[in-house]
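Just so we're on the same page: letters track the sequence lines, and every chain starts at 1. Basis for what follows: all heavy atoms, side chains included, without hydrogens, waters or symmetry-related copies.
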Amino acid sequence: MESTVKDINNLIKRRYEELNELTEKGIKPYAYSFDVDSDSEDIKQNYNENEKRNVKIAGRLMAIRRMGKASFAHIMDYKGRVQIYLRKDEIGDQYTAFKLMDIGDVVGVEGYVFKTKTGEISVHVTSLELLSKSLRPLPVAKEVIDEDGNKIVYDQFADKELRYRQRYVDLIVNPEVKEIFVYRSKIITAMRTYLDAEGYLEVETPVLQPLYGGAAAKPFISHHNSLDIDLYLRIADELYLKRLIVGGFNGVYEISKDFRNEGMDRLHNPEFTMMELYVSYKDYNWMMEFVEKMINHICKTVFGTLEFTYGKHQINFEAPWKRISFVEAIEGKTGLNVINATDEELREGAKKLGIEVSSVEGRAKLIDEIFGTVVEPDLIQPTYVIDYPLILSPLAKKHRSKDGLVERFEAYIAGWEICNAFSELNDPIDQRKRFEDQVKLKEAGDEEAHQIDEDFLRAIEYGMPPTAGLGVGIDRLVMLLNNQSSIRDVIFFPQMRPEV
RNA sequence: GGGCGCGUAGCUCAGCGGUAGAGCAUCUGCCUUUUAAGCAGAGGGUCGGUGGUUCGAGACCACCCGCGCUCACCA
């Protein structure tokens, strides 16, 4: 049994010995179930001096204070911690067994609620049962509340690498981590509830795709053995969801993982969560208002406010959000009109801004770089950047009145892109031409240019209604609303190099 | 990929050329309302890895591995 544990040390060895001793006493160290009828929060919130309420609770031992024939301990359940009190003269053999239990063990307890001399609401144990023996020492921090009511934590489990690799431990010993993930879940639920209430249908489309598309990104490649073909993990849901609009759904959305084979940093994880929504007979103007309403709904239902602190910024989500034109924003900062400028002028302009310009850099890349350098960092309050150059947007519909532009917007908050949306291109002839232009870019060395998706073209040749489409980066939204600076802190298991 | 930083006991850290340390955790003894419980004692380390410099290396040098921050890339 012990040989299965690689890094045996004395602490672990000791716990195996305790496990054996417990087994010899006839105690089964891994129980099948325990009837719980209360929790730590319920006990503390519904305390009545005059009533010795009986409760059954279960949780993990997080602190033990033994005083000979009596002991105090804290157990932690899903809701928090509560103190328990055990006496040898009351629980006899169970007290002897308790001596073989450790911090980290999961126990079930029955007892009555009381208040100690020092005023802590606790459970006076009448029965204690081991539910799961913990064989590894938990890196428990000590907590104390000072005179001012501030919580001071000593020796907190802080090593980021260990916290990410062993998230289960992180979640046990750092309760605020759990909170963020609960908010993450609530944010997604609020979004789904809103979309459902608006009458849109949640759907699922392929993760494994023979062609990848819908975004500019490098894919992961996998292989199907029986078909003997390479398949790509999707970089976006877009092209499949639009096929469903062709099929006659009036509004479809999907909340799911996308995969992009690119660098990792505090804003990027190789797999990340995206919500994409497509609504027929609507355009990007409608979508801008929809996004404001949806985000406001999420903020209010989950957090009860539209005011958030992010880093040193105060962010207010109150609609309507500011709107600025992509081209005018750049022109205002640099005097450069990126639509009319020649390639050479763009190149010069970029160089002046300190952007590294390689000779292969295409026009689209240059424009994007310039925008990222001069405009993006200033977009702290929610801002719609609207009407993008056509060459940046091969799937968006041409602007109804402005040449060289498409009807597209991105929402920027705290300097990051939070969502991307457009009036979807539904003209199959134009779409084919855009794909062909992408192929030329690919041939010129742009690894992220689109492939031609003949089946998608066939679909819209049947006729796709006018449609508004949206993509929202869920991880970044969660970061923003929880004041987290790294995407790794809102993903349970962020990508890491394998352990040796 | 570049720059900076980190890796010493289960956890948090000190040590920066001369016998591997502290607090918590663990173990033994005492202790029936404690709460960073207390008191007395004990065990615990290939100092991330491999080479090198040196009489002598956690410490200095080189390379490697892993992580963090940051820049680039990634709309």
Pairing of Asp437(A) and Arg434(A) as salt bridge, 4.0 angstrom limit: no
In whole Å, measure the gap between the C1' atoms of G45(B) and G7(B) for me. 15 Å
Per atom distances to the Lys69(A) side chain, the nearest of U33(B), C31(B), C69(B) is C31(B)
Is any N or O donor-acceptor pair between the side chain of Arg14(A) and the base of A25(B) shorter than 3.5 Å? no
Got Val109(A) and Leu128(A) here, is their nearest side-chain heavy-atom distance under 4.5 Å? yes
Taking only Lys NZ, Arg NE, NH1 and NH2, and the carboxylate oxygens of Asp or Glu, determine whether Arg167(A) and Asp170(A) approach each other closer than 4.0 Å. yes
Between A20(B) and U46(B), how far is it from one P atom to the other, in whole Å? 14 Å
Nearest to the side chain of Arg65(A), heavy atoms from C-beta on, is which of G44(B), C74(B), U34(B)? U34(B)
Before giving the answer on salt bridge (Lys or Arg N to Asp or Glu O under 4.0 Å), spell out for Lys333(A) and Asp378(A) the whole-Å C-alpha distance, their side-chain angles and the decisive distance to 0.1 Å. CA-CA 11 Å; Lys333(A) 292 269 183 181; Asp378(A) 294 339; 2.4 Å; yes
With sugar-phosphate meaning primed atoms plus P, OP1 and OP2, does Phe371(A) contact a base, only sugar-phosphate, or nothing at under 4.0 Å between heavy atoms? nothing
Any Lys160(A) side-chain heavy atom under 4.5 Å of Arg488(A) side chain: no
Would you please say whether a donor-acceptor pair under 3.5 Å links the side chains of Tyr85(A) and Gln83(A)? no
What nucleotide among A75(B), A37(B), G66(B) has an atom nearest to a side-chain atom of Arg497(A)? G66(B)
Give the residues of residues 469-485 of chain A touching RNA chain B, defined as any heavy atom closer than 4.0 Å, sorted by residue number. none
Of all the nucleotides listed (U32(B), A25(B), C73(B)), which has the minimum atom distance to the side chain of Asp265(A)? C73(B)
Under 4.0 Å from any atom of RNA chain B, heavy atoms only: list the residues of residues 73-98 of chain A that qualify, in numerical order. His74(A), Gln83(A), Tyr85(A), Arg87(A), Asp89(A)
When you measure from the side chain of Asp475(A) to the backbone N and O of Thr273(A), does any donor-acceptor pair fall under 3.5 Å? yes
Where the side chain of Glu161(A) is concerned, which of C74(B), G66(B), U12(B) is the nearest nucleotide? G66(B)
I'd like the P distance from A9(B) over to G23(B), given in whole Å. 16 Å
State whether Glu436(A) and Lys433(A) are salt-bridged, where the test is any N-O pair (Lys NZ or Arg NE/NH1/NH2 against Asp/Glu carboxylate O) under 4.0 Å. no
Spacing of the C1' atoms in G3(B) and U8(B) (rounded, Å): 26 Å
Pick base, sugar-phosphate or nothing for Ala158(A), based on heavy-atom distances below 4.0 Å to the nucleic acid. sugar-phosphate
Please state the C1' separation for the pair A62(B) and G68(B) - nearest whole angstrom. 23 Å
With syn meaning chi within 90° of zero and anything else anti, the base of G58(B) is syn
Does the structure show a Watson-Crick or G-U wobble partner for C16(B), both distances under 3.5 Å? Name it, or say none. none
Okay, side chain of Asp77(A), backbone of Ser40(A): is any donor-acceptor separation there less than 3.5 Å? yes
Regarding Leu392(A), tell me which of base, sugar-phosphate or nothing describes its non-hydrogen contacts under 4.0 Å with the strands shown. base
Contact class for Glu120(A) vs. all strands (heavy atom < 4.0 Å): base, sugar-phosphate, or nothing? base
Heavy atoms from C-beta onward define the side chain here; which of A75(B), C67(B), C69(B) lies closest to that of Arg165(A)? C67(B)
Counting any heavy atom closer than 4.0 Å, what does Arg408(A) reach on the DNA or RNA strands: base, sugar-phosphate only, or nothing? base
Check step by step if salt bridge (Lys or Arg N to Asp or Glu O under 4.0 Å) holds for Lys242(A) and Asp453(A). CA-CA 13 Å; Lys242(A) 286 200 277 204; Asp453(A) 188 332; over 6 Å; no
The residue, Ser486(A) or Pro394(A), whose nearest nucleotide of RNA chain B is more 5′ is Ser486(A)
What distance, rounded to whole Å, do you find between the two P atoms, one in U50(B) and one in C65(B)? 15 Å
For C4(B) and C60(B), measure between their P atoms and round to the nearest Å. 16 Å
Go through C74(B), C11(B), C67(B) for me and flag the one nearest to the Pro139(A) side chain. C11(B)
Any donor-acceptor pair under 3.5 Å from Arg476(A) side chain to Glu417(A) backbone: yes
Give a yes or no on whether the backbone of Trp321(A) and the side-chain of Glu292(A) come within a donor-acceptor separation of less than 3.5 Å. yes
Take atom C1' in A25(B) and the same atom in C13(B), then report the distance between them in whole Å. 14 Å
Any N/O donor-acceptor pair, Asp159(A) side-chain to C67(B) base, under 3.5 Å: no
Nearest to the Lys117(A) side chain among A75(B), G44(B), U33(B), which nucleotide is it? U33(B)
Side chain of Met67(A): nearest nucleotide among U26(B), A75(B), U32(B)? U32(B)
Along RNA chain B (nearest heavy atom to each residue), the more 5'-positioned of Ala70(A) and Ile64(A): Ala70(A)
Ignoring backbone atoms, test whether Arg66(A) places a side-chain nitrogen or oxygen under 4.0 Å from the OP1 or OP2 oxygen of U33(B). no
